[in-house]
S.K.: 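Please read through the structure below; I'll follow up with questions.
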Amino acid sequence: MPKVYNWQIGREMEYPFEAARPRRQAAAVFDTNKCIACQTCTMACKTTWTSGRGQEYMFWNNVETKPWGSYPLAWDVRVLEKLGVQRWEGDKYVGKTIFEAAPMGEKALGYLPEDLDYAYPNRGEDETSESVTGRFYLRLPHDAWFFYLPRICNHCTYPACLAACPRTAIYKRPEDGIVLVDQVRCRGYRECIQDCPYKKVFYNHATRVAEKCVLCYPAVERGIQPRCMRTCIGKIRTFGFVNTPDKADPENPVDFLVHVRRVALPLLPQLGLEPNVYYIPPVHVGNLAFLRMLFGPGVERAIAAYRRAMAGEDPELVGVLLLAVSTDRIVHKFSLRGDHVYGYGEDGSELVRVPLKEPVQLREFYDPLVGAYRYNIT
Amino acid sequence: MRCPTCGETWSEERAMCPSCGAPAADPTPVGGGEDPPQKAGGGAGDRRWFLRGLALAGVGAALGVGGYVAARLLTRPPAPAPPPPTLTPTPPPGVVFLTARFVPDPLPVEDPDAPLWDRGEEGRFPLQPQNVTPPFKATPGVASVAVRALHNGREIAFRMEWEDKDRDDLTVKVTQFRDACAVLLGSPTAPWVMGSREDPVTILHWKADWQRDREQGFQEVKAAFPNATFDFYPPLVGVPAPAPKDYPQEVRFYLPALAVGNPLSQPERPSPVEKVQAMGPGTVEPFPTQDARGRGVWRDGRWRVVLARALAARDKGEVALAPGQTYALAVAVWSGAAGDRGARKAISQMGRLHLEPTR
């Protein structure tokens, strides 16, 4: 099997195909600290792409509550259990990826979910890590915790779905790294559904072939962000293009978050797919071991960087986070000048400017014009 | 040596019959009891020494055989009886030859139970794991498949018969896979498995779910989830929504694979048999002309399936067949309950198909 370099696990690994990185890689950063699980992203995606017959159960975008939530049922626990106990040594993963742990005659280690596994998309919603008993009420932050994990297809650099397809009906676009299922070529074998550890390839009951998140490629081709990103009312999503660490561009918002400040981390990097959706880990979670399992060894560093920014010590990081969902266009570069952060398009034109601090207008408590007191004066 | 009990013969070094386990008697010399050949110029002295040696050998053999029999009686279970003779012996592993008999009649392409099938000779293809190209099928659930072939000078039909206790003809749920079978036809030089770019093969692929679609209408959500409800499928307003085959053309893109023409997703099924081309593993492509026919019947844990096509090639790259000629032939069987699909199948070795000349 060919060897490819996966920077997220800090080493070469086995993959069924030679490395072929796209010319640029579409990527996103989700700030879990700001997600409120309103599911607006979920519904934006659902109404855009999966409202058809046979797609009833499909959520290309879903938001689940961690630690207990999952869609499909226990997708993460099941693949981690199959993989068994594995080890990191510093920033290098010395355990086995799902490609290296593949059984004889298989492309990757996986399992095929059953239909019932998809029947509870809100399983574990808002459930805390442990029950909240009397003593917790007296302390802030609470010892019990939970957080929301919004999930879409990761458009991995080394997709397991692509590796699994015996017909090469799944392809990764060289122009933007978006991973797509060829709807003409697919013959419904469901090998991709079995091998994608994130379970983000779905079987259409009515067309009997596989379908998955297309990252709204018709929009991305026109320089517009995907639907789930630009409808995010919590403004948690930064969309753009990510480079490898050696080619990181500090003016690129995604590169800045992932490589420069290293505040955004991949989901389950130990599986070896080099996923391209990155997460700012939740800062209030008491169980760091759980976060390290989900996001890898960079969790403490990321949380420290985020806390520094929230304490006002890193206006640049605050600026990049404020650019999230501030425009429908894809922001390629940013700069911080004075008390504004600027977002630029691919051609260098200014797309948006956002103040680091919203201007505050104070109004008089009493409005003599209508002879009434105002409830809201800011 | 020849066994005094069952008549089996075997080589000299064994002291017991490999067939029935009886102890060896006196060796029967080649030539039916004649004296052994003598050296030229041999005299009476030689003969005497020979007889002495023979006597000694006889005593030794008797002692040895006696000891062996005693030891065997003390330690071994009684010898198993030889297997009864069978009328359809399992053929030795290797190339299976199948002759497609000529019949001057229309072929029973939709009736696997037609009496005409008795005119075809049966070839039994042992099936083996698919461990050539991943994903593997390590343990095939079907040991062998019986194949008969008939042709009438215009069309050729195969009848495949195998045991499968589950009838799997629905592929709506994520974990539902179909029963299926296939006949691969290629030039005598076509490589095993699935042909090559230089030597493409033509495959007839019968699918149990396609046959159910054909007989009961296209199976979709309601077939697997009878109690499923939905408000409406935009932009189609109203309940019940039209079946996929009745979707207006302008909203067919809500069934993406159907809209782009994927044969798996088409609600109209003219035939349960798909005619495809392969140029190696993972290269299956349907031919533009889909004229293969067939039908399967599942009864008492057994599938009987007919797959038929015209002898002449309709499309570029299709393997044409002619009476009097010999071709490469292989078969494969998928068991849906075992999760078989695509490369996960039980396959035969490459056999040979001979078409009887027309009369």
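Letters A, B, ... are given to chains in the order of the sequence lines, protein chains preceding strands, and every chain is numbered from 1.
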S.K.: By a 4.5 Å heavy-atom criterion (distance strictly below it), what part of B:Thr283 contacts chain A: side chain, backbone, both, or neither?
M.R.: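 Contact with chain A involves the backbone of B:Thr283 alone.
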S.K.: Which one, B:Gly261, B:Gly282, B:Ala228, leads in non-hydrogen pairs under 4.5 Å with chain A?
M.R.: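 Highest number of pairs under 4.5 Å: B:Gly282.
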S.K.: Decide yes or no for B:Asn262 and A:Val209: does some side-chain heavy atom of the first lie under 4.5 Å from some side-chain heavy atom of the second?
M.R.: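 Sidechains of A:Val209 and B:Asn262: in contact.
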S.K.: Do you know which of A:Gly52, A:Cys165, A:Ala102, A:Ala164 has the most heavy-atom pairs with chain B at a distance under 4.5 angstrom?
M.R.: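 Highest number of pairs under 4.5 Å: A:Gly52.
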S.K.: What option among A:Glu106, A:Lys107, A:Arg190, A:Gln183 has the most heavy-atom pairs under 4.5 Å with chain B?
M.R.: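 Maximum pair count with chain B is reached by A:Arg190.
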S.K.: Measure the NZ-CG distance between B:Lys173 and A:Leu116 for me, rounded to the nearest 0.5 Å.
M.R.: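 These two atoms lie 7.5 Å from each other.
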S.K.: Sort by residue number and list every residue of residues 54-61 of chain A having at least one heavy atom under 4.5 Å from chain B.
M.R.: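 The stretch touches chain B at A:Gly54, A:Gln55, A:Glu56, A:Tyr57.
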S.K.: Under 4.5 Å between any side-chain heavy atoms of A:Asp115 and B:Gln176, yes or no?
M.R.: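 The answer is no, as the side chains (C-beta and beyond) never meet within the 4.5 Å cut-off.
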S.K.: Evaluate the side-chain proximity of B:Pro286 to A:Arg187: yes if any heavy-atom separation is below 4.5 Å, no if none is.
M.R.: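 The answer is yes, as the side chains (C-beta and beyond) meet within the 4.5 Å cut-off.
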S.K.: Of the backbone (N, CA, C, O) and the side chain (C-beta and beyond), which part of B:Lys222 lies under 4.5 Å from a heavy atom of chain A, both, or neither?
M.R.: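 Neither part, no heavy atoms under 4.5 Å.
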S.K.: Looking at B:Arg212, I want to see if its CZ is surrounded by more than 12 non-hydrogen atoms of other residues, nucleotides or ligands under 6.0 Å.
M.R.: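 Yes, enclosed.
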S.K.: Who are the side chain to side chain donor-acceptor pair (under 3.5 Å) partners of A:Arg173, not counting sequence neighbours?
M.R.: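 Scan of A:Arg173 (side chain to side chain donor-acceptor pair (under 3.5 Å), adjacent residues dropped) gives A:Asp176, A:Glu221.
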S.K.: In this structure, are over 12 heavy atoms from other groups packed under 6.0 Å from A:Lys3 atom NZ?
M.R.: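 Check passes, neighbour count above 12.
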S.K.: Chain A heavy atoms under 4.5 Å from B:Tyr247: which part of the residue, side chain, backbone, both or neither?
M.R.: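 Side chain of B:Tyr247 only, per the 4.5 Å heavy-atom cut-off to chain A.
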S.K.: Among B:Pro281, B:Pro244, B:Ala224, who wins on heavy-atom pairs under 4.5 Å with chain A?
M.R.: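 Counting heavy-atom pairs under 4.5 Å, the top option is B:Pro244.
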S.K.: Is the number of heavy atoms from other residues, nucleotides or ligands within 6.0 Å of CD (A:Glu81) greater than 12?
M.R.: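 Result for CD/A:Glu81: open.
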S.K.: Which atoms of A:Phe202 come close to chain B, meaning under 4.5 Å heavy atom to heavy atom: side chain ones, backbone ones, both, or neither?
M.R.: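 No part of it gets close to chain B.
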S.K.: Given that the side chain runs from C-beta out, which part of B:Val284 has a heavy atom under 4.5 Å from chain A: side chain, backbone, both or neither?
M.R.: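 Answer is both: backbone and side chain atoms of B:Val284 are under 4.5 Å from chain A.
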S.K.: Please classify the contact of B:Phe230 with chain A as side chain, backbone, both or neither, using a heavy-atom distance under 4.5 Å.
M.R.: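 Contact with chain A: none, neither part.
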S.K.: Any donor-acceptor pair under 3.5 Å linking the side chain of B:Asn131 with the backbone of A:Gly105?
M.R.: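 Pair absent, no side-chain N/O of B:Asn131 close to backbone of A:Gly105.
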S.K.: Flag yes if more than 12 heavy atoms outside B:Glu110 fall under 6.0 Å of its CD atom; otherwise flag no.
M.R.: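 Yes, CD of B:Glu110 has more than 12 neighbouring heavy atoms, counting only those of other groups under 6.0 Å.
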S.K.: Using 0.5 Å steps for rounding, measure from the CZ atom of A:Arg208 to the CG atom of B:Leu264.
M.R.: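 Going from CZ on A:Arg208 over to CG on B:Leu264, the span is 8.0 Å.
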S.K.: Taking all non-hydrogen atoms of both residues, which atom of B:Leu255 and which atom of A:Ala206 are closest, and how far apart?
M.R.: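 For B:Leu255 and A:Ala206, the tightest heavy-atom pair comes out as CD2-CB, 3.8 Å.
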S.K.: Is there a donor-acceptor pair closer than 3.5 Å between any side-chain N or O of B:Arg341 and the backbone N or O of A:Gly188?
M.R.: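 Answer holds: no.
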S.K.: So do B:Glu285 and A:Arg167 actually touch side chain to side chain, heavy atoms under 4.5 Å?
M.R.: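 Heavy-atom side-chain distance check passes, below 4.5 Å.
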S.K.: Please give me the minimum heavy-atom distance between B:Phe177 and A:Tyr189, naming the atom from each residue.
M.R.: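 What the structure gives for the nearest pair is CE2-O, 3.7 Å.
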S.K.: Would the number of heavy atoms belonging to other residues, nucleotides or ligands and lying under 6.0 Å from CH2 of B:Trp192 be above 12?
M.R.: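 Above 12, so yes.
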S.K.: Does A:Lys96 NZ have over 12 foreign heavy atoms under 6.0 Å away?
M.R.: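 No - once you tally the heavy atoms of other residues, nucleotides and ligands closer than 6.0 Å, there are 12 at most.
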S.K.: Do you know which two heavy atoms are closest between B:Val174 and A:Tyr203, and how far apart they sit?
M.R.: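 It is CA-CD2, 3.9 Å.
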S.K.: Taking OH in A:Tyr5 as the centre, count heavy atoms belonging to other residues, nucleotides or ligands within less than 6.0 Å. Is the count above 12?
M.R.: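 Buried by this count: over 12 neighbours within 6.0 Å.
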S.K.: Can a donor-acceptor pair be found, under 3.5 Å and without considering hydrogens, that links the side chain of A:His205 to the backbone of B:Val172?
M.R.: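 Confirmed, A:His205 side chain pairs with B:Val172 backbone.
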S.K.: Measure B:Gln266 against the heavy atoms of chain A and call it side chain, backbone, both or neither at under 4.5 Å.
M.R.: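 Neither part.
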S.K.: Side chains of A:Arg53 and B:Leu236, heavy atoms from C-beta outward: is any pair under 4.5 Å?
M.R.: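 They are not in contact (no side-chain heavy atoms under 4.5 Å apart), so the answer is no.
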